[in-house]
Protein chains: 2
Amino acid sequence: MIGLTLKQLRYFEALARHQHFGRAAEACAISQPALSLQIKELEGMFHAPLVERGARQVRLTPIGERLLEKSRQILLAVEELDDLVRASQGPLAGRLRLGIIPTVAPYFLPTIIAALSHRLPELDLELREAVTRSLISDLQEGNLDVAVVALPVSEPSLTEFSLFEEDFVLVRPAADTGKPVPNATTLQAMRLLLLEEGHCFRDQALSFCQFGESQPRQLMEGSSLSTLVQMVGAGMGVTLIPEMAVGFETRSAQVSVDRFPHPRPSRTIGMIWRRSNPLSDQLMQIGAIIRAVGQRSAESD
Amino acid sequence: MIGLTLKQLRYFEALARHQHFGRAAEACAISQPALSLQIKELEGMFHAPLVERGARQVRLTPIGERLLEKSRQILLAVEELDDLVRASQGPLAGRLRLGIIPTVAPYFLPTIIAALSHRLPELDLELREAVTRSLISDLQEGNLDVAVVALPVSEPSLTEFSLFEEDFVLVRPAADTGKPVPNATTLQAMRLLLLEEGHCFRDQALSFCQFGESQPRQLMEGSSLSTLVQMVGAGMGVTLIPEMAVGFETRSAQVSVDRFPHPRPSRTIGMIWRRSNPLSDQLMQIGAIIRAVGQRSAESD
DNA sequence: TCCTATCATTAGCTCAGCTTATCACAATCT
DNA sequence: AGATTGTGATAAGCTGAGCTAATGATAGGA
């Protein structure tokens with residue numbers, strides 16, 4: 001593919017995104033004819049049309065779709081060269097897009113922000129909260145640099161860096177204070193309040209209770225740990241929460257909090273990023289900083 | 001990395017390969033100053049030197065090394081666009097670089113060539129014989145399109161396509177004809193002739209005999225199955241060969257050939273290629289053709 | 001000390017690729 | 001139907017990125 005230019009791929013990607021020559025050209029800060037010509041040039045190289053010019057609609061042809069895929073791959077690799085520049089310029093500085101899952105963010109984010117802005121003042125953190133699935137695809141598409149999630153994620157394209165392990169605790173109505181702590185089996189008989197689909201914490205809790213995938217049961221869903229604890233306080237059932245949430249969520253609620261006997265349910269919190277990211281070394285440094293404050297805050301709980 | 005061009009990456013890659021401005025320029029079919037300028041342009045983008053201009057020697061700086069890595073990745077993806085063109089132009093045609101391991105090539109290659117040149121006359125096969133390790137790296141560097149090896153190879157970047165399974169048979173001196181066939185354990189007491197390091201067939205044979213990695217023992221090495229069989233004929237020991245080699249290798253030698261009782265040792269022969277190769281669909285077609293003739297020839301043995 | 005190999009610099013030219021202006025076409029409205 | 005509007009293609013002209021050829025600068029080696 002000699003004669004191909006990155007510019008052409010960028011224009012094509014914009015066209016695919018906007019499905020409109022004029023708007024794509026605007027997004028690329030060029031005139032519409034300039035974009036048309038480059039697309040035509042690309043089509044010449046492929047000896048085939050890449051877009052269907054419909055009446056009021058532009059659509060990619062099948063070959064166009066495949067080119068789009070490859071283009072994104074190439075453009076992502078090129079963007080990573082920017083990170084290579086940053087990596088070669090001493091301590092980490094500039095924008096860092098960090099994603100966190102919702103069952104970690106409220107409790108741990110303040111600690112992370114404080115630590116990083118102290119140790120790496122040049123760093124410009126840009127935060128995003130979403131479930132693991134969505135963070136992973138943002139990472140893979142290059143919309144995110146790094147994410148804090150529960151390990152393992154087992155994506156071969158991502159590097160995992162473990163931060164710390166944390167136990168789950170049982171939250172029951174205040175009236176249950178002092179009653180014996182149920183084990184995984186007896187838990188199955190109680191009404192368990194859980195986060196809605198998509199949260200990894202939901203699956204971890206379910207797996208501790210050894211519920212099968214399919215069997216229907218007494219479940220209720222809440223959209224945040226905070227809601228769940230309030231529901232428990234109102235006597236609607238019991239729930240599990242991660243240890244780091246205890247201080248924040250149970251202070252004002254009428255609930256009783258108990259640790260499980262061994263083997264305790266737990267999760268591993270860690271960082272993930274694209275294996276191909278040239279900032280890998282720097283991200284490990286950041287990981288080390290977060291790990292240090294994470295362990296300190298876990299000890300002080 | 002706006003302003004970056006593929007041309008610059010190509011020039012840089014050539015410079016890294018030749019370690020010499022003049023020769024790299026020649027390889028790119030441009031003048032030496034043109035190349036110097038583009039390299040300088042690149043260095044401007046990185047705010048750092050990428051090559052050390054030594055007295056009589058050009059060397060990459062550490063940053064240069066990392067850029068080289070990324071460049072190769074990007075350029076490989078760009079080359080794969082060529083394959084996308086081919087994939088979109090009907091039946092597979094043009095150059096196809098096929099690698100085969102030495103313990104398959106002599107016996108199966110004629111069949112493959114005949115079948116493919118009959119079914120895909122437009123195909124221009126370019127063959128290479130090497131051990132698995134080397135074929136894999138050629139695939140990953142884009143120096144090879146597809147390879148026939150023993151599965152599994154378990155490289156996440158490669159797709160595996162299984163062709164057929166094939167048993168190993170025992171080759172003993174003709175004097176042993178009629179003697180009971182040894183099992184894996186009794187084999188350990190005999191002098192086993194094997195291929196030299198690097199051949200996967202050697203490891204498969206060793207693993208059948210359940211030899212540990214380290215334990216020293218009565219072994220001799222030959223550089224081809226043909227040599228091994230001749231050595232067996234001369235009474236120097238026994239060996240295993242794959243079934244497809246029986247007809248070719250044992251016809252003229254004074255040896256006795258026996259199948260093992262169940263569970264028979266065997267290997268799976270298959271094709272591998274870069275997962276990212278746009279010709280994937282076409283390669284599967286080729287795989288289907290080879291599989292068909294492979295099974296037919298296995299049955300007729 | 002001079003020579004040779006090697007990369008950098010300079011001057012000048014050419015064409016790829018941009019902009020603006022305009023055309024061609026089809027869908028929708030009146 | 002005829003007018004209008006939204007859209008991409010085409011045309012003409014300009015500008016600068018990037019090439020070549022010629023020359024300069026520098027460091028090893030004879």
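Numbers restart at 1 for each chain; the letters A, B, ... are given by sequence-line order, proteins then strands. This one's a predicted model, so the numbers in the text were calculated from it and none came from an experiment.
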Rounded to whole Å, how long is the line connecting atom CD1 of A/I39 with atom P of D/dA9? 9 Å
Flag the pair B/D145 and B/R97 as a salt bridge only when some basic side-chain nitrogen lies within less than 4.0 angstrom of an acidic carboxylate oxygen. yes
Using atom CG of B/L15 as one end and atom C1' of C/dT6 as the other, report the distance to the nearest whole Å. 12 Å
Dot-bracket, DNA chain D: Watson-Crick or G-U, under 3.5 angstrom, [ ] crossing, | other strand? ||||||||||||||||||||||||||||||
Does the side chain of B/L98 reach to within under 4.5 Å of the side chain of B/L144, using non-hydrogen atoms? no
Between A/L4 and A/L42, does the side chain to side chain contact (heavy atoms under 4.5 Å, CB included) criterion hold? Intermediate values first, please. CA-CA 8 Å; A/L4 181 75; A/L42 264 183; 3.5 Å; yes
In whole Å, what is the span from the CG atom of A/L42 to the P atom of D/dA9? 13 Å
Within the pair B/R53 and C/dA8, is there a side-chain N or O less than 4.0 Å away from OP1 or OP2? yes
Under a 4.0 Å N-O cut-off, is there an ion pair linking B/E80 with A/K70? yes
Is any side-chain N of the basic residue among B/E43 and B/R53 closer than 4.0 Å to the acidic one's carboxylate O? yes
Atom CD of B/E52 and atom C1' of C/dC7: how far apart are they, to the nearest Å? 15 Å
Could you give the CD-to-C1' distance, from A/E43 to D/dA9, as a whole number of Å? 12 Å
Yes or no on side chain to side chain contact (heavy atoms under 4.5 Å, CB included) for B/M271 and B/I290, after CA distance, side-chain angles and deciding distance? CA-CA 10 Å; B/M271 283 173 32; B/I290 296 183; 3.9 Å; yes
Using a distance-only test with no angle check, is there a side-chain donor-acceptor pair under 3.5 angstrom linking A/E65 and A/T61? no
Using whole Å, report how far CZ of B/F21 lies from P of C/dT9. 11 Å
What's touching nucleotides 3-5 of chain C from the protein side, N or O pairs under 3.5 Å?
unit_1 : atom_1 : unit_2 : atom_2 : d
C/dA5  : O4'    : B/R56  : NH1    : 3.4

State, yes or no, whether a side-chain contact exists between B/E155 and B/I136 at a heavy-atom distance under 4.5 Å. yes
Pair A/E13 + A/R72, salt bridge at N-O below 4.0 Å: yes
Between protein and nucleotides 11-25 of chain D, map the contacts as a letter string: B base, S sugar-phosphate only, - none, heavy atoms under 4.0 Å, written 5' to 3'. -------SSBBB---
Does any non-hydrogen side-chain atom of A/M45 lie less than 4.5 Å from one of A/Q8? yes
Within the structure provided, determine whether B/L75 and B/R10 are in side-chain contact (heavy-atom separation under 4.5 Å). yes
Nearest-angstrom distance from the residue atom CD of A/Q19 to P of D/dT7: 13 Å
